[in-house]
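Below is one structure, written out as structure tokens; the observations come after it.
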Amino acid sequence: MMGSARILFSLAAVSALSVAGEADRKPAEATVTVNAEAQPVEVTRTPGPVRIVEADELARLGSRTLADLLEALQPGAVMATGGTGKQASAFLNGTLSRNLVVLLDGLRLNDPTALSPDLGALSLVGIERVELILGPASVLYGSDAIGGVIALTSTGRGAEGCHGQTGLKVGTDGLLGGTAQVQVTGNRGWIAAGAEAQKQESGFPDDAFRQAGGFLRMGTKLGGADLTAFYRNSGQTATIPFTTSGWPATRSYEPQREMHTRQESWGASLRWALAPTLALENTLQALEGRTGDPSGPHREQTDRDFRRVEDQLTLHWTPALGFRLSGRLEGRQDTSHARNYYDPDTFAAVQYRGEGTDVAGALELRWTLAEGLDWTAGLRRDGGHRDLTRSDTGLRSRAGSAEAGTWRTGLNWVVAPALRLYASAGQGFRMPNTTEFALNAQAENQDGVAYPILPERSRTVQIGATGQFAGHWEYRLEAQRTRVSELLAYVYDTSFAWPPLFTSHYANQGSIRAQSLEGALGWRGGEAVAYGWDVILRSQETRDLDHNTEADRFGAQNTAILRHPFFTAAVAGFAQSGAWRADVRLARVGPRYDLNDTTYEVTSTRKPYRDLSLGLSHEPTKHLTVSLRGEHLLQRKQSVEDWLSGRYDQDGDASLVYGFPAPGPRWTLAATWRW
């Protein structure tokens, strides 16, 4: 069984693109999927696709943000609207960017005022483990977890004594950054702290990015209970020096426009072994964030802020070997405020403060039916409501309910030491957030018409196989189909009334189907020099089921399915000898549909997008690592004139997302000292 787990873990861990060499591997029995299920379980017993990156691999990849890391884990899934610091969204297996939940130590980081999480703003400082869980996870994590979950695990209790690291990096476009972390562990407890800062320019004049943040975690043992307290803070300022405005729309360059983002979280968690078969976990967290978006004369979006208080209480019961039942109760309250969503000099906008209250109960069962055969099943029920308060009158009203039920079940079968099969099916849902309810309330305020909205619903089926043959070869094959109904779409006002009503609003409109087939093949070998390669191929389709004609079935009538490439391929290789290691990764993201930023028509990007990354690291002395990395090496560096003219809009290597300049080639030299 050890050989089987070791083989299968290497396949599931890093999407066959960043798997380490033979010298890097560890027995998988010591590795668990912390957040893939209600309680830790070996990755080879999870009935679904899971990718895992541990601390050593995170350090080697050198990813600063979650967006950088996901580009390596899931090629073609991340769409970034520009260079460093710009909005970056993920589209997993053809699902929508808003169908993703990001967790930190089991609690969600999603901004309730935003439609999708911004992966470019999520720093990895103080993170020692990242899990990518593909497929529906609403049974455990509730709203939005239709396409998958990214679970981050913070630095925890380490080895006895004092440990730490400090790093410095420089690079092109004036890149300068530094990090520092320290951890002290003793008999009575432990404490860990760290901080980071970075600044970088881009190819556009006055287009700067600045970021800083830090974390503090501490823990102790009180009798049979483990108690942990934590604090985390991260903020950034990114220039957005371009906009599209007017009718007919034109592009303009405005270097004074900036976006400011900050997020803080703090709380405590308790794990208590009540009895040999009974364990209790409770985590309480407060999270708040602020986004100033953007400054300058054209305030086209909004200033937003939110606060969340959340509590999770979980009870694990293991009455017999091979049988486990977990129950969870959750409570969460979000308070959010959006200001200046419309320009007050032009539109008679009404300001609202939104409050969302959610309560949920969930059960998950794991049962070993036979040797190597595990069955998992779960049920969840959510309840709650959304309230709005007008800032001009103080009038409070019920905007809508937030109720949904969901289920998931799956089988995982280790057939032989080198073959694992799994299958799962389940539902997901997405609750409308307070910002969506507020926009509909604004529309109702204008014309007196009510615009109710309901949760989106999804159904997903997954199958997969992983294994090994001929000693050095490894493979993975996965297929998934998801249908999302009651899709929330933004309906633009077309009344052309004067004075304008601007009753644009959200409505449940239509359904889509996303399906994907992904395969990976890898080879490992070598002794004095370890080396290997991996290739991944993914074919996917996201189709509008309500406008299913040859002309518009992929997006002409439903822009929710934009930015989903039809075919993605990537290849990676490494070689390691003693203190040296070299890596290369090439991805090809196929053509897709996007939205023209001036005509607002759905267009094809026509040409594929290619991305090349290179890495070289050396350990000249013990504890010191020096690394050189090159990223986006095939992308053309655009000037302001290039972007204004749109001459590279159809060049995949220069414009990953239509209407936004892609980042140019970037080189980074970093030195890290560990003790």
CZ/R398: more than 12 non-hydrogen atoms of other groups inside 6.0 Å |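 Buried by this count: over 12 neighbours within 6.0 Å.
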
Does CZ belonging to R459 count more than 12 external heavy atoms closer than 6.0 Å?
->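 Atom CZ in R459 is not crowded, with 12 or fewer foreign heavy atoms closer than 6.0 Å.
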
Ignoring hydrogens and angles, state whether a donor on the side chain of [X] or [Y] is under 3.5 Å from an acceptor on the partner side chain.
{"X": "T113", "Y": "D111", "result": "yes"}
{"X": "E196", "Y": "Q211", "result": "yes"}
{"X": "T482", "Y": "T460", "result": "yes"}
{"X": "R45", "Y": "T368", "result": "yes"}
{"X": "E478", "Y": "Y422", "result": "yes"}

Residues two or more places apart in sequence or in another chain: which of them pass side chain to side chain donor-acceptor pair (under 3.5 Å) with [X]?
{"X": "N440", "result": "none"}
{"X": "K221", "result": "D226"}
{"X": "S516", "result": "none"}
{"X": "S97", "result": "none"}

Can you check side chain to side chain contact (heavy atoms under 4.5 Å, CB included) on L66 and V130, steps first, answer last?
-> CA-CA 9 Å; L66 194 52; V130 177; 4.2 Å; yes

Whether the side chain of [X] engages the backbone of [Y] through a donor-acceptor N/O pair (distance < 3.5 Å, no angle test) should be reported.
{"X": "R328", "Y": "L140", "answer": "yes"}
{"X": "H564", "Y": "G94", "answer": "yes"}
{"X": "D358", "Y": "G384", "answer": "no"}
{"X": "S401", "Y": "E403", "answer": "no"}
{"X": "R563", "Y": "F91", "answer": "no"}
{"X": "T237", "Y": "R210", "answer": "no"}
{"X": "E456", "Y": "L488", "answer": "yes"}
{"X": "N508", "Y": "E486", "answer": "yes"}

Per-pair distances, 0.1 Å, donor-acceptor, side chain in residues 261-268, under 3.5 Å, sequence neighbours excluded:
unit_1	atom_1	unit_2	atom_2	d
R262	NH1	N233	OD1	2.2
E264	OE2	Y231	OH	2.5
E264	OE2	N233	ND2	3.1

Are the side chains of [X] and [Y] in touch, meaning some heavy atoms are under 4.5 Å apart?
{"X": "R64", "Y": "Q200", "value": "no"}
{"X": "L69", "Y": "L119", "value": "no"}
{"X": "R217", "Y": "D105", "value": "yes"}
{"X": "V184", "Y": "C162", "value": "yes"}
{"X": "R51", "Y": "L134", "value": "yes"}
{"X": "E310", "Y": "L287", "value": "no"}
{"X": "P47", "Y": "D374", "value": "no"}
{"X": "L284", "Y": "V309", "value": "yes"}

Which class fits the ring pair F323 and W367: parallel under 30°, tilted 30 to 60°, perpendicular over 60°?
->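 The rings of F323 and W367 stand perpendicular, inter-plane angle above 60°.
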
What are the two closest non-hydrogen atoms of [X] and [Y], and how far apart are they?
{"X": "S63", "Y": "L124", "answer": "O-CD1, 3.6 Å"}
{"X": "S154", "Y": "L104", "answer": "OG-CD1, 3.4 Å"}
{"X": "G126", "Y": "Q181", "answer": "N-OE1, 3.4 Å"}
{"X": "I453", "Y": "Y506", "answer": "CG2-O, 3.3 Å"}
{"X": "V78", "Y": "A67", "answer": "CG2-O, 4.1 Å"}
{"X": "V50", "Y": "I52", "answer": "CG1-CG1, 3.8 Å"}

Salt bridge R386-E436, side-chain N to carboxylate O under 4.0 Å =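 A salt bridge is absent here (no side-chain N lies under 4.0 Å from a carboxylate O).
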
Applying ring pair (Phe, Tyr, Trp, His ring centres under 6.0 Å), name anything that partners F306, two or more places apart in sequence or on another chain.
->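 Not a single residue meets the ring pair (Phe, Tyr, Trp, His ring centres under 6.0 Å) criterion with F306.
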
Name of the residue among V102, D144, V149 meeting side chain to side chain contact (heavy atoms under 4.5 Å, CB included) with R108 |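 For R108, the side chain to side chain contact (heavy atoms under 4.5 Å, CB included) test succeeds with only one of V102, D144, V149, which is D144.
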
Considering residues at least two apart in sequence or located in another chain, which fulfil the side-chain contact (heavy atoms from CB on, under 4.5 Å) criterion with [X]?
{"X": "V461", "value": "A425"}
{"X": "D382", "value": "A360, R380, F429, M431"}
{"X": "T277", "value": "W317"}
{"X": "Q183", "value": "T155, T185, W190, A192"}

Would you check, one step at a time, whether the test side chain to side chain contact (heavy atoms under 4.5 Å, CB included) holds for T376 with T409?
-> CA-CA 5 Å; T376 300; T409 186; over 6 Å; no

Counterpart residues, salt bridge (Lys or Arg N to Asp or Glu O under 4.0 Å), relative to R308 (two or more places apart) =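 Residues passing salt bridge (Lys or Arg N to Asp or Glu O under 4.0 Å) with R308: D334.
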
Using the test salt bridge (Lys or Arg N to Asp or Glu O under 4.0 Å), find all partners of D118 that sit at least two apart in sequence or belong to another chain.
->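 Salt bridge (Lys or Arg N to Asp or Glu O under 4.0 Å) list for D118, sorted by chain: empty.
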
From E281, R366, E364, H316, residue fulfilling side-chain hydrogen bond (donor to acceptor under 3.5 Å, both in side chains) relative to S326 |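 Of the listed residues E281, R366, E364, H316, the side-chain hydrogen bond (donor to acceptor under 3.5 Å, both in side chains) partner of S326 is H316.
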
In this structure, which one of Q540, Q462, E518 forms a side-chain hydrogen bond (donor to acceptor under 3.5 Å, both in side chains) with Q480?
->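 Running side-chain hydrogen bond (donor to acceptor under 3.5 Å, both in side chains) over Q540, Q462, E518 with Q480 returns exactly one hit, Q462.
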
Check the pair L100, L92 against side chain to side chain contact (heavy atoms under 4.5 Å, CB included), reporting the backbone distance first and the verdict last.
-> CA-CA 8 Å; L100 173 68; L92 301 180; 3.7 Å; yes

When E288 is tested against each of R307, R232, R304 for salt bridge (charged side-chain N to carboxylate O under 4.0 Å, His left out), which residue passes?
->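 With E288 as partner, R307, R232, R304 yield a single salt bridge (charged side-chain N to carboxylate O under 4.0 Å, His left out), made by R307.
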
Under the side chain to side chain contact (heavy atoms under 4.5 Å, CB included) rule, what do D387 and R353 come out as? Steps first, then yes or no, please.
-> CA-CA 8 Å; D387 294 336; R353 184 179 71 251; over 6 Å; no

Give, for atom CG of L152 and atom CG of L122, the distance between the pair rounded to the nearest 0.5 Å.
->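 Here the interatomic distance stands at 7.0 Å.
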
List the steps and the verdict of side-chain hydrogen bond (donor to acceptor under 3.5 Å, both in side chains) for T406 and S138.
-> CA-CA 7 Å; T406 187; S138 287; 5.2 Å; no

